[in-house]
Enquirer: 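Below is the structure I would like to discuss, written out as structure tokens.
Not measured: the values here are computed from a predicted model. Reminder, nothing fancy here: chain letters follow the sequence lines and each chain counts from 1. Side chains included, hydrogens not; waters and symmetry mates left out as well; all remaining heavy atoms used.
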Amino acid sequence: MPDPRGELLHTPLLQWYAEARRDLPWRHPDCSPWGVLVSEVMLQQTPVARVLPVWTRWMALWPTPSALGGASPGEAVREWARLGYPRRALRLHAAATAIRDEHDGEVPADEGTLRTLPGIGDYTAAAVAAFAFGQRATVVDTNVRRVQARAVTGVALPAPSLTRAEVELASALLPGSDGDAATWNVAVMELGALVCTARAPRCGECPIASRCAWRLAGYPPYAGPPRRGQAWEGTDRQCRGRIVQALRESSGPVAGAELRARWPDAAQQERCIDALVHEGLVEPLDGERFQLPS
DNA sequence: GAGGCGTGGTC
DNA sequence: TGACCAAGCCT
């Protein structure tokens, strides 16, 4: 049952996307499902500009899941460079070995099967099903949420966490055919990334501005619960980042004393190292030395 | 379900 | 200038 709210938006948005879309390597027709999967994991909470060079190098080193599975998790973390959230590199390595060992080395096309892989949640499973396999999956990321909130719901920003209603709305707006649906998903995301941005939306360039509920309501300001920022200075996050960076940039093991020189709070740093070891991001060696996992 | 988890660019 | 934000996931 087609949703009239979606029908009105499909043509202008798909036309806009055909002209305004960025030429990204993971969108090329010859990009493998593995390339799409890698891009989606790298793009979790990370801007396109920072992902591009890392993705390119990563795909040259490990063009298949089995190739990555043949590397050590530490190599994956090192090539992850400064993308942030290095646990993603560890999980991508684990996903690669699972694909090699349990799926004949082929990225699964089924959303439910993708969802079982480490580091693959609802968003990424739907994105791979849609963008790598052309399926009619409901892809809901932060861009889709913001575009829907404005264009359809008429509010400045979505709630802090994803609601059931948002997923149902995205599903209702989806075009009926597989191909159109896959393009629609990436078109809405692209609109959110390039035009309907969080900070300073470019409504003058928006193909659906004339139908935007937020604009028609006079741009009411965000009225939801406060959105809490993330502390940084002196946090475990910063401390952990410092530790992993030191191990990444060293060709060999790093002495605990050398790490200690990089962080003022010894107790905090010890706690962070313990946590990193527990998570598998750091491997302890004899003589109070540490390295990326072998 | 709230909170933890990196890094750097933007206005 | 320093909050805010970027194709989320996991516990």
Side-chain angles (χ1 to χ4, degrees), chain A residues 21-22 24-27 35-55 77 80-92 94-95 114-132 137-148 156-164 166-167 170 182 185-194 196-202 222 225-249 268 271-272 275-276 278-282:
Chain A
R21 63 187 298 235
R22 290 168 291 180
L24 302 172
W26 45 84
R27 289 179 181 167
V36 172
L37 192 162
V38 171
S39 79
E40 290 300 340
V41 173
M42 288 184 173
L43 287 163
Q44 292 167 3
Q45 302 282 281
T46 308
V48 165
R50 209 177 316 158
V51 167
L52 273 171
V54 179
W55 182 89
V77 172
W80 197 253
R82 312 194 67 141
L83 288 183
Y85 295 140
R87 292 191 291 197
R88 291 183 293 166
L90 224 45
R91 289 174 183 148
L92 190 49
L114 285 162
R115 187 66 181 74
T116 68
L117 297 170
I120 309 297
D122 288 339
Y123 161 75
T124 305
V128 171
F131 306 144
T138 302
V139 181
V140 187
D141 77 329
T142 188
N143 290 302
V144 172
R145 297 186 64 212
R146 188 173 53 253
V147 170
Q148 285 186 171
L157 294 170
S161 55
L162 180 65
T163 66
R164 179 65 174 267
E166 290 178 88
V167 177
N185 280 319
V186 72
V188 177
M189 289 171 61
E190 193 78 334
L191 186 74
L194 299 181
C196 194
T197 54
R199 208 73 66 81
R202 302 166 174 83
Y222 176 70
R227 315 163 75 77
R228 19 169 343 155
Q230 304 168 337
W232 177 245
E233 199 61 32
T235 61
D236 283 4
R237 271 184 168 186
Q238 185 185 27
C239 182
R240 291 164 55 102
R242 203 73 66 88
I243 294 162
V244 175
Q245 178 186 2
L247 301 189
R248 222 173 35 220
E249 294 175 352
Q268 181 185 22
R271 180 159 41 81
C272 287
L276 288 167
H278 187 251
E279 293 167 30
L281 271 167
V282 170

Enquirer: Which whole number of Å gives the distance between the C1' atom of C:dC5 and that of C:dT1?
Expert: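 Rounded to whole Å, the distance is 16 Å.
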Enquirer: To the nearest angstrom, how far is A:Gln238 atom CD from B:dG6 atom C1'?
Expert: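 It is 10 Å, rounded to the nearest whole Å.
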Enquirer: For the residue pair A:Cys272 and A:Ile243, establish whether any side-chain heavy-atom pair is separated by less than 4.5 Å.
Expert: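 In short, these two side chains touch, coming nearer than 4.5 Å.
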Enquirer: When the nearest nucleotide of DNA chain B is assigned to A:Ala200 and to A:Leu83 on a heavy-atom basis, which residue is associated with the more 5' position?
Expert: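 Looking at the nearest nucleotide for each, A:Leu83 comes out on the 5' side.
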Enquirer: Less than 4.5 Å apart, side chain to side chain, heavy atoms only: is that true for A:Arg248 and A:Arg82?
Expert: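 Yes, close enough: below the 4.5 Å cut-off.
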Enquirer: Between atom OG1 of A:Thr124 and atom CG of A:Leu117, what is the distance when rounded to the nearest 0.5 Å?
Expert: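 Here the rounded value is 10.5 Å.
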Enquirer: Can you measure A:His278 atom NE2 to B:dG4 atom P for me and round it to whole angstrom units?
Expert: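 Atom-to-atom, A:His278 to B:dG4, this comes out as 18 Å.
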Enquirer: Expressed as a whole number of Å, how far does the P atom of B:dA2 sit from that of C:dA7?
Expert: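 Each nucleotide's P atom is 22 Å from the other's.
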Enquirer: Under 4.0 Å between any heavy atoms, over every strand shown, what does A:Pro160 touch: base, sugar-phosphate, or nothing? Just pick one.
Expert: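 Contact class for A:Pro160: none.
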Enquirer: Rounded to whole Å, please give me the gap between CG in A:Leu162 and C1' in B:dA2.
Expert: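 Distance check: A:Leu162 CG to B:dA2 C1' gives 15 Å.
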Enquirer: Determine, for A:Glu279 against A:Arg91, whether the closest basic-nitrogen to carboxylate-oxygen distance falls under 4.0 angstrom.
Expert: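 Result for this pair is no, no salt bridge flagged.
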Enquirer: What I'd like to find out is whether the side chain of A:Asp122 reaches to under 4.5 Å of the side chain of A:Val167, using heavy atoms alone.
Expert: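 No, too far: nothing below the 4.5 Å cut-off.
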Enquirer: Taking the same atom, P, in B:dG3 and in C:dC4, what whole-Å distance lies between them?
Expert: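 One P to the other, the span is 16 Å.
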Enquirer: By side-chain contact (heavy atoms from CB on, under 4.5 Å), which residues pair with A:Arg22, not counting sequence neighbours?
Expert: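 Listed in chain order: A:Leu24, A:Arg27, A:Val48, A:Glu190, A:Ala193, A:Leu194.
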Enquirer: Find the distance A:Glu233:CD to C:dT1:P and express it as a whole number of Å.
Expert: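 Interatomic distance, CD of A:Glu233 to P of C:dT1: 17 Å.
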Enquirer: Produce a footprint string for nucleotides 4-11 of chain C: one letter per nucleotide, 5' end first; B if the base is under 4.0 Å from any protein heavy atom, S if only the sugar-phosphate is, - if neither.
Expert: BSBBBSS-
Enquirer: Examine B:dT7: is either OP1 or OP2 under 4.0 Å from a nitrogen or oxygen in the side chain of A:Arg248? Give yes or no.
Expert: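 Answer yes for this pair, as a side-chain N or O of A:Arg248 is under 4.0 Å from OP1 or OP2.
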